[in-house]
Amino acid sequence: MDGAFRPALDALLDAMRPWSAGASQVNFLTSYDTSPDRVRAAYAPDAFARLVGVKRRFDPKNLFRVNHNIPVTD
């Protein structure tokens, strides 16, 4: 499915880029938006730092990673 939808999605995002503030919303991330940069952009910096702290404390081995992962080593 990636091959069928990704080109159209990339074209749309490129066309909208002049109006982008560089952030994203976590509830609009797709299964394609799993890079650490895209996930980080969905949170305010202080919120992301808190999430990293929670992740380090409760999931230091990164067992819960099949999602929009908050990396333990950030």
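Here, residue 1 is the first one in the sequence, and each next residue gets the next number.
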Closest heavy-atom pair and its distance - L29, A42: CD1-CB, 4.1 Å

Sequence neighbours left out, what passes side chain to side chain contact (heavy atoms under 4.5 Å, CB included) with [X]? Give chain and number order.
| X | value |
| --- | --- |
| R50 | D46, A47 |
| T34 | H68 |
| D10 | R6 |
| N67 | N69 |

Partner set under side-chain hydrogen bond (donor to acceptor under 3.5 Å, both in side chains) for R17, not counting sequence neighbours: D14

Remaining members of hydrophobic cluster (4.5 Å side-chain criterion), F58: V54

From CA spacing to verdict: side chain to side chain contact (heavy atoms under 4.5 Å, CB included), N62, K55: CA-CA 8 Å; N62 202 25; K55 182 77 175 215; 2.8 Å; yes

For R65, all residues meeting salt bridge (Lys or Arg N to Asp or Glu O under 4.0 Å), sequence neighbours excluded: none

Qualifying salt bridge (charged side-chain N to carboxylate O under 4.0 Å, His left out) pairs with a residue from residues 18-32, counting only residues at least two apart or across chains: none

Min side-chain heavy-atom separation D59-V72 under 4.5 Å: no

